[in-house]
Amino acid sequence: MLQRALPGLLLLAAATAAGPLFAHDDDGKGVLGKVTFANSCSKAVQADLQRGVAMLHSFWYSEGMQTFRSIQQRDPQCVPAAWGIASLQMDNPLAGVGASPKGAEEAQAAIAQGRLATRTTQRELDYLEAVAAYYQDFGERSEAARQRSRSDAYAALAQRYPRDDEAQIFSALYLAGTQSQGDQSYAAYLKAAAMLETQFKRHPEHPGVAHYLIHSYDAPPIAAQGLDAAKRYAGIAPAAPHALHMPSHIFTRVGLWSDSVATNQRSFNAAVADKDGDSAFHAADYMVYAYLQEGRDAQAQAAIDAAMQVRSTATAARQTAFYAAAAMPARMSLERGDWKSAAALKPEKTRFPYVDAMTHFSRALGAARSGEPALAEQEAEQLGALHKALLDAKNAYWAREVEVQRLAASAWIAHARGNGDEALKLMRAAADLEDGNEKHIVTPGRVLPARELLGDMLMEMKMPAEALQAYEASQQREPNRFRGYSGAARAAAAAGDRQKAAGYYAKLVALAGAATNRPELAEARQFTALK
């Protein structure tokens, strides 16, 4: 292994010595952070190559792809440009979707061109083969299998070039990409984070390190460890729309709603300017979620309206905009307990069954809770069909998420029909199933947490002590939620624990301030005044 590594290390040193490696300060094109990627490409493309790698680190797909394609046209011998194209075609490596068949074809063509280069280094070819591992037998393997191959290949690359920090950083990213959303030891995330924390000390302005640390800490028990990276990333790469959005993954996990709104508004504006509908919708969904937790309903609706104006720039092959377009109106109805408007939501069929399921779930829940169980049953049947479609497609994660929705809808239908025992059995099953799955990065959170819904049901069944336990358990995973605080306060008051009720009502007042006219806030003020 050492003998094999030596030629590449010598070439890396030679490339470094050959000329300056460009730091991405503001050169009039926008700040993207500081990246140093050694290469043997022509002098004419050096600045653009460094910017392209910085864009790759911030998942700026549109600009990054244009940059690498331009480099490849101007310098066909530039192997890192081929590697960059193939890397960007994999899409977000944390999302579990991966390259489209068309994207895979373009990636494989770029890899083939790179392999023909005669002016290159062994290190550059090793990078190319590391990304090629993902595309091998592309149509015959699952995305999870491709992710494992990619992670293994980059781990070998990092071992081969231990002094190449870029190899270490990409290895950490692709290791984090193998984290199962059902593995709540977070083993892959934590191993990746340990690698990245070392790199953050060495490269405090590196966009990829800050970015991937946020992803590696994007889980309830470990989210607070990502606050430093979250607070710094937007300042490291403010030109990249995704860099402006990513801090909100951590802000959402710890309940910092004003911070989430602010960074997503910047991301939304940057994405609109970039004509990137997917990123705009993604930022808007996180913004709407945050506004609703503060009771700022008018601002949430305004964010939805603004997003709908940029819909035409979304990409049909990606889930992001479709998910947000379905989630945002569902959140507006469900978070405010407007069950009739939830029942009236209009389904809009997409190519993503789990996206369609959100609207059917919202309609089912709204109908059941506003006294229309027959309509709710029709929607629950739709959820069952969508669950089967996901199982048939071997999409286990989203099949499980839709099954949670089907169970919850069925629970509230049983409750509406007066079958309390069956209702509680189904609702507990939904909450337990959801607790075993982490939320997907496409969303700030489920449209309503299942365990919070269990608290609602227990309250309606005059079981306030048990309801309080459910609300408090939900808060461990979904902190600082408006409904979580109001539900816990009501449950504590009904259970006779006025001190705990006052504490939760005080948190509700602090959370929303004077920003809302929701009845829960008037109730909170009245209770605390009487205490």
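For reference, positions follow the sequence shown, starting with 1. It should be emphasised that the depicted structure is a prediction, and the values quoted were computed from it without experimental measurement.
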Contacts satisfying side-chain hydrogen bond (donor to acceptor under 3.5 Å, both in side chains) that involve residues 206-220 (not counting sequence neighbours) are H57-Y212, E166-H206, E197-Y217, H211-H215, H211-Y233, H211-H242, D218-H249, D218-R253
Charged N to carboxylate O under 4.0 angstrom, R148 versus D152?
-> no
For the residue pair Q199 and L213, establish whether any side-chain heavy-atom pair is separated by less than 4.5 Å.
-> no
Reference residue S70; test side chain to side chain donor-acceptor pair (under 3.5 Å); the match among Q73, Q66, R74 = R74
Determine the minimum heavy-atom distance between A290 and V261, stating which atoms define it.
-> CB-CG2, 3.7 Å
At their closest point, which heavy atom of A223 faces which heavy atom of V254, and how far apart are they?
-> CB-CG1, 4.1 Å
Please report the C-alpha distance between N92 and V97 in whole Å, then the side-chain angles of each, then the deciding distance to 0.1 Å, and finally whether the side chain to side chain contact (heavy atoms under 4.5 Å, CB included) criterion is met.
-> CA-CA 8 Å; N92 187 328; V97 177; over 6 Å; no
Is a side-chain donor-acceptor pair under 3.5 Å present for W60 with D276?
-> no
Determine, stepwise, if the pair W257 / Y289 fulfils ring pair (Phe, Tyr, Trp, His ring centres under 6.0 Å).
-> CA-CA 9 Å; W257 306 122; Y289 186 88; 5.6 Å; yes
Test side chain to side chain donor-acceptor pair (under 3.5 Å) applied to S149 and R141, step by step | CA-CA 10 Å; S149 294; R141 297 192 300 160; 2.6 Å; yes
Give a yes or no on whether the backbone of M358 and the side-chain of S362 come within a donor-acceptor separation of less than 3.5 Å.
-> yes
Given side chain to side chain donor-acceptor pair (under 3.5 Å), test Q122 with D126 step by step and report yes or no.
-> CA-CA 6 Å; Q122 186 60 50; D126 287 343; 2.9 Å; yes
Any donor and acceptor pair, going by atom type alone, linking the side chain of N480 with main-chain N or O of G255 inside 3.5 Å?
-> yes
Are K439 and E401 close enough for a salt bridge, meaning some N to O gap below 4.0 Å?
-> no
Keeping the roles fixed (side chain from Q179, backbone from A188), state whether a donor-acceptor pair exists under 3.5 Å.
-> yes
Stepwise side chain to side chain contact (heavy atoms under 4.5 Å, CB included) check, R331 with L448 | CA-CA 8 Å; R331 297 190 200 285; L448 279 185; over 6 Å; no
Side-chain contact test, heavy atoms from C-beta onward, threshold under 4.5 Å: evaluate it for M90 versus R150 and give yes or no.
-> yes
Hey, does the side chain of S248 reach the backbone of H245 with a donor-acceptor pair shorter than 3.5 angstrom?
-> yes
Q168/D164 under side chain to side chain donor-acceptor pair (under 3.5 Å): CA gap, chis, key distance, verdict = CA-CA 7 Å; Q168 314 307 310; D164 181 355; over 6 Å; no
Interatomic distance, CZ@R318 vs CG@D91, rounded to 0.5 Å, equals 4.5 Å
Answer yes or no: is there a side-chain heavy-atom contact under 4.5 Å between Y189 and E438?
-> no
Close aromatic pair by centroid cut-off 6.0 Å: F37 and Y127 = yes
Between Y354 and Y323, what is the ring plane arrangement, given parallel below 30°, perpendicular above 60°, and tilted in between?
-> tilted
List the atom of L49, the atom of P80, and the distance in Å for their closest heavy-atom pair.
-> CD1-CB, 4.0 Å
Just by modelled atom types, is the T443 backbone N or O under 3.5 Å from a matching donor or acceptor in the Y286 side chain?
-> yes
For A158 and S171, which heavy atoms make the closest approach, and how far apart are they?
-> CB-CB, 3.8 Å
Hey, are E434 and R451 close enough for a salt bridge, meaning a charged N less than 4.0 Å from a carboxylate O?
-> no
State, with a plain yes or no, whether a side-chain heavy atom of K231 is found less than 4.5 Å away from one of I250.
-> no
Please identify each residue that fulfils side chain to side chain contact (heavy atoms under 4.5 Å, CB included) with L116, with sequence neighbours left out.
-> none
Taking only residues two or more places apart in sequence, or in another chain, which ones meet H440 in a ring-ring contact (aromatic ring centres under 6.0 Å, His included)?
-> Y397, W398
Does the E124 side chain pair with the main chain of W83, one donor and one acceptor, at a distance under 3.5 Å?
-> no
Lys/Arg-Asp/Glu bridge criterion (N-O < 4.0 Å) met for E403, R406 | yes
Any chance you could lay out the side chain to side chain donor-acceptor pair (under 3.5 Å) test for D48 and T67, step after step, and finish with the verdict?
-> CA-CA 7 Å; D48 283 346; T67 299; over 6 Å; no
Value rounded to 0.5 Å, distance of CG in L244 from OG in S279 = 10.0 Å
Is there a side-chain contact between R266 and P238 (heavy atoms, below 4.5 Å)?
-> yes
What distance do H387 atom NE2 and N395 atom CG have between them, rounded to the nearest 0.5 Å?
-> 10.5 Å
Heavy-atom donor-acceptor pair, R351 side chain to Q319 backbone, under 3.5 Å = no
Would you indicate whether the side-chain heavy atoms of Q184 and Y186 approach each other to under 4.5 Å?
-> yes
Check whether any side-chain heavy atom of C41 sits under 4.5 Å from a side-chain heavy atom of Q46, and report yes or no.
-> yes
What's the shortest heavy-atom distance between A99 and F138, and which atoms?
-> O-CZ, 3.4 Å
Please check if the side chain of R400 supplies one atom and the backbone of L433 the other of a donor-acceptor pair under 3.5 Å.
-> yes
Would you call D137 and R146 a salt bridge, taking side-chain N to carboxylate O under 4.0 Å as the test?
-> no
Test item: Q77 side-chain N/O and R119 main-chain N/O as donor-acceptor pair under 3.5 Å | yes
Roughly how far, to the nearest 0.5 Å, is the CD atom of Q147 from the OG1 atom of T178?
-> 7.5 Å
Answer yes or no: are there more than 12 heavy-atom neighbours, outside E348 itself, under 6.0 Å from its atom CD?
-> no
Measure the CZ-CG distance between F322 and D278 for me, rounded to the nearest 0.5 Å.
-> 8.0 Å
Spatial distance of atom CZ (F68) from atom CG (L56) [nearest 0.5 Å] | 5.5 Å
Which atom pair, heavy atoms only, marks the closest approach of M328 to A307?
-> CE-CB, 3.9 Å
Step by step, would you call F200 with L196 a side chain to side chain contact (heavy atoms under 4.5 Å, CB included)?
-> CA-CA 6 Å; F200 213 18; L196 292 164; over 6 Å; no
Going through the distances and angles, do F281 and I304 end up as a side chain to side chain contact (heavy atoms under 4.5 Å, CB included)?
-> CA-CA 9 Å; F281 266 87; I304 295 174; over 6 Å; no
Going by heavy atoms in the side chains, are E478 and P444 under 4.5 Å from each other?
-> no
Determine whether the side chains of N269 and Q265 contain a donor N or O and an acceptor N or O closer than 3.5 Å.
-> yes
Is there a donor-acceptor pair under 3.5 Å between the side chain of N264 and the backbone N or O of S260?
-> yes
